[in-house]
Amino acid sequence: MVGIKDVARAAGVSVGTVSNVINRPDLVSEETRNRVRSVIEELGFVRSESARQLRAGRSRMMALLVLDLGNPFFVDVARGAERAARAAGLGVMVCDSAQSAAEEAEYLGLFAEQRVRGVLLTPADATGANIAAFRRHGIPFVLVDRVSEGTTECSVSVDHVAGAALAVRHLTGAGHRHIAYVSGPQELHQVRDRREGARLALTEAGLSPDALRELPTQRLDVAAGRDAGARLLALAERPTAVFCANDLLALGVLQAVFAAGTRVPGELAIVGYDDIEFASAAAVPLTSVRQPAAEMGALAAGLLLEETDSSASHRHRRVVLPPELVVRDSTRRPV
């Protein structure tokens with residue numbers, strides 16, 4: 001690899017002069033600048049950003065660790081965070097924990113080794129042990145799609161209890177009394193909050209919250225949704241509506257019931273959560289609870305930038321955004 005000494009030798013100048021051409025060109029004469037830049041281009045020299053950051057004691061990278069980059073919701077979160085970071089002159093290292101607490105711990109260890117500016121984190125570890133261990137490194141972090149349970153860090157999330165209640169109120173308002181909940185890994189706060197919201201809406205409708213028929217899944221993807229759809233179709237008393245913990249599960253349920261010849265919404269109404277792009281493009285466009293994913297990513301990055309800016313006055317805070325129900329054909333009965 002070509003180093004700064006190689007450039008200095010080829011250009012006939014000192015290492016300090018090459019450094020000035022790169023970092024403070026106004027201190028170097030135009031003739032020398034041009035000669036050094038010509039050598040840099042000829043040799044293909046690329047400065048070591050990691051070395052520069054080590055000398056400055058300040059990284060220009062933040063990290064984003066999410067549950068599943070296969071879910072377009074988290075891709076949108078990453079887009080929002082990346083745009084905010086780029087506007088501040090920073091880059092974003094995007095990583096996927098695959099809903100695994102062990103993989104999350106490995107990534108957090110990597111971020112500590114790399115001394116990133118800060119971390120945007122959607123936790124996979126329900127025990128909080130990974131977060132507790134990471135706090136010891138003194139690297140700021142912001143929770144994304146999860147409410148901070150204390151005041152030691154910022155968080156940006158959506159009110160998932162309210163979002164699920166919107167979905168199930170919509171179903172009970174349409175006359176449904178037998179509703180299933182296709183959930184996900186029970187250790188995820190989002191899954192538990194959405195169950196709580198669904199049960200709340202049933203109570204409001206004068207129904208027992210225990211009337212919610214839960215079909216748990218180990219993952220929040222389309223394949224898990226197809227499996228849940230097959231189990232739903234095999235029930236002796238089949239629900240007339242299903243609320244899914246995210247849109248990928250809902251798309252899988254839709255595939256399974258379509259393959260079985262079940263009419264949606266005639267025989268089964270389906271509601272998803274997240275309102276990813278594919279929800280509106282499904283064979284039967286899905287009713288879904290919308291989360292402002294890109295806005296969440298941008299807000300979280302903004303809070304992290306504020307906290308890591310030594311000139312800014314930062315106060316830890318929790319930002320909770322309102323959800324929105326988007327009604328489409330999967331629950332809309334023909335007039």
Side-chain angles (χ1 to χ4, degrees), residues 67-68 71 73-74 99 101 122-128 143-149 155 157-174 176-222 224-229 231-232 235 237-254 256 268-276 279 286-291 320-326 330-331:
L67 296 175
D68 181 12
N71 186 339
F73 166 75
F74 288 114
Q99 301 175 32
T122 302
D125 176 27
T127 69
L143 300 181
V144 183
D145 197 32
R146 165 87 174 272
V147 175
S148 171
E149 296 173 351
S155 65
S157 63
V158 163
D159 187 337
H160 295 305
V161 174
L166 282 175
V168 176
R169 282 192 200 110
H170 172 65
L171 294 173
T172 57
H176 294 285
R177 293 295 180 268
H178 302 285
I179 300 172
Y181 173 45
V182 175
S183 61
Q186 301 303 298
E187 62 270 18
L188 294 181
H189 280 254
Q190 297 91 327
V191 169
R192 298 201 298 271
D193 286 350
R194 292 168 196 177
R195 179 195 302 113
E196 181 183 344
R199 290 167 61 90
L200 174 65
L202 288 177
T203 301
E204 291 174 352
L207 302 170
S208 168
D210 295 330
L212 188 71
R213 180 66 180 265
E214 184 166 357
L215 298 171
T217 66
Q218 291 303 307
R219 297 193 59 80
L220 293 164
D221 55 24
V222 174
R226 283 196 297 266
D227 174 73
R231 284 184 280 144
L232 184 148
L235 293 174
E237 296 184 26
R238 187 184 299 177
T240 61
V242 57
F243 167 53
C244 300
N246 75 359
D247 284 339
L248 296 182
L249 289 173
L251 290 169
V253 170
L254 180 62
L268 182 71
I270 304 176
V271 181
Y273 202 106
D274 290 339
D275 195 33
I276 62 175
L286 282 172
T287 292
S288 183
V289 178
R290 176 176 294 166
Q291 296 196 79
V320 181
L321 301 173
E324 176 189 357
L325 181 69
V326 181
S330 67
T331 59

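When every heavy atom of Q186 is checked against every heavy atom of R192, the shortest pair comes out as O-NH1, 3.0 Å. Nearest approach of L215 to A228, heavy atoms of both residues: CD1-O, 3.9 Å. The shortest heavy-atom contact between A164 and Y273 is N-CE1, 3.8 Å. Across every non-hydrogen atom of A224 and R219, the tightest pair is CB-O, 3.4 Å. Across S183 and A245, no two heavy atoms sit closer than the pair CA-CB, 4.0 Å. Residues A180 and L232 share a closest heavy-atom pair of CB-CD1, 4.1 Å.
Residue Q218 qualifies as open at atom CD: its count of foreign heavy atoms under 6.0 Å is 12 or below. Heavy-atom contacts from other residues, nucleotides or ligands closer than 6.0 Å to CZ of R213 number 12 or fewer.
With L202 as the partner, the side chain to side chain contact (heavy atoms under 4.5 Å, CB included) test is satisfied by one option alone out of L171, D210, T172: T172. Put simply, the residue from L254, L268, L249 that forms a side chain to side chain contact (heavy atoms under 4.5 Å, CB included) with V242 is L268. Put simply, the residue from V320, D193, L321 that forms a side chain to side chain contact (heavy atoms under 4.5 Å, CB included) with D159 is V320.
Atom-to-atom distance recorded for R195:CZ and F243:CZ is 11.0 Å, nearest 0.5 angstrom. Remark: D221 CG to R226 CZ distance equals 8.5 Å, nearest 0.5 Å. Note that CG of L143 and OG of S155 are 6.0 Å apart. Values are rounded to the nearest 0.5 Å. Between Q190 atom CD and N246 atom CG the span is 10.0 Å, to the nearest 0.5 Å. Distance CG/L207 to CZ/R177: 5.0 Å, rounded to 0.5 Å.
For D227, the side chain to side chain contact (heavy atoms under 4.5 Å, CB included) partners at least two apart in sequence or on another chain are R231. In terms of the salt bridge (charged side-chain N to carboxylate O under 4.0 Å, His left out) criterion, E196 has no residue partners (sequence neighbours excluded).
With a 4.5 Å cut-off on side-chain heavy atoms, Y181 and V191 count as touching. Side-chain atoms of Q291 and D275, non-hydrogen and from C-beta on, never get closer than 4.5 Å to each other.
Using modelled atom types and a 3.5 Å distance limit, the side chains of H160 and D145 yield a donor-acceptor pair. For T240 and H178, the side-chain atoms include no donor-acceptor pair closer than 3.5 Å.
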**OP:** Begin from the C-alpha positions of I270 and T287 and carry the test side chain to side chain contact (heavy atoms under 4.5 Å, CB included) through to its verdict.
**Re:** CA-CA 7 Å; I270 304 176; T287 292; over 6 Å; no
Subject >> Step-by-step side chain to side chain contact (heavy atoms under 4.5 Å, CB included) determination, L188 to L220 >> reply: CA-CA 11 Å; L188 294 181; L220 293 164; 3.7 Å; yes
**OP:** Dump the intermediate steps for side chain to side chain contact (heavy atoms under 4.5 Å, CB included) on T122 and R146, then the final yes or no.
**Re:** CA-CA 7 Å; T122 302; R146 165 87 174 272; 5.6 Å; no
Original post:
So D274 and N71, side chain to side chain contact (heavy atoms under 4.5 Å, CB included) or not? Walk me through it.
Top reply: CA-CA 10 Å; D274 290 339; N71 186 339; 3.8 Å; yes
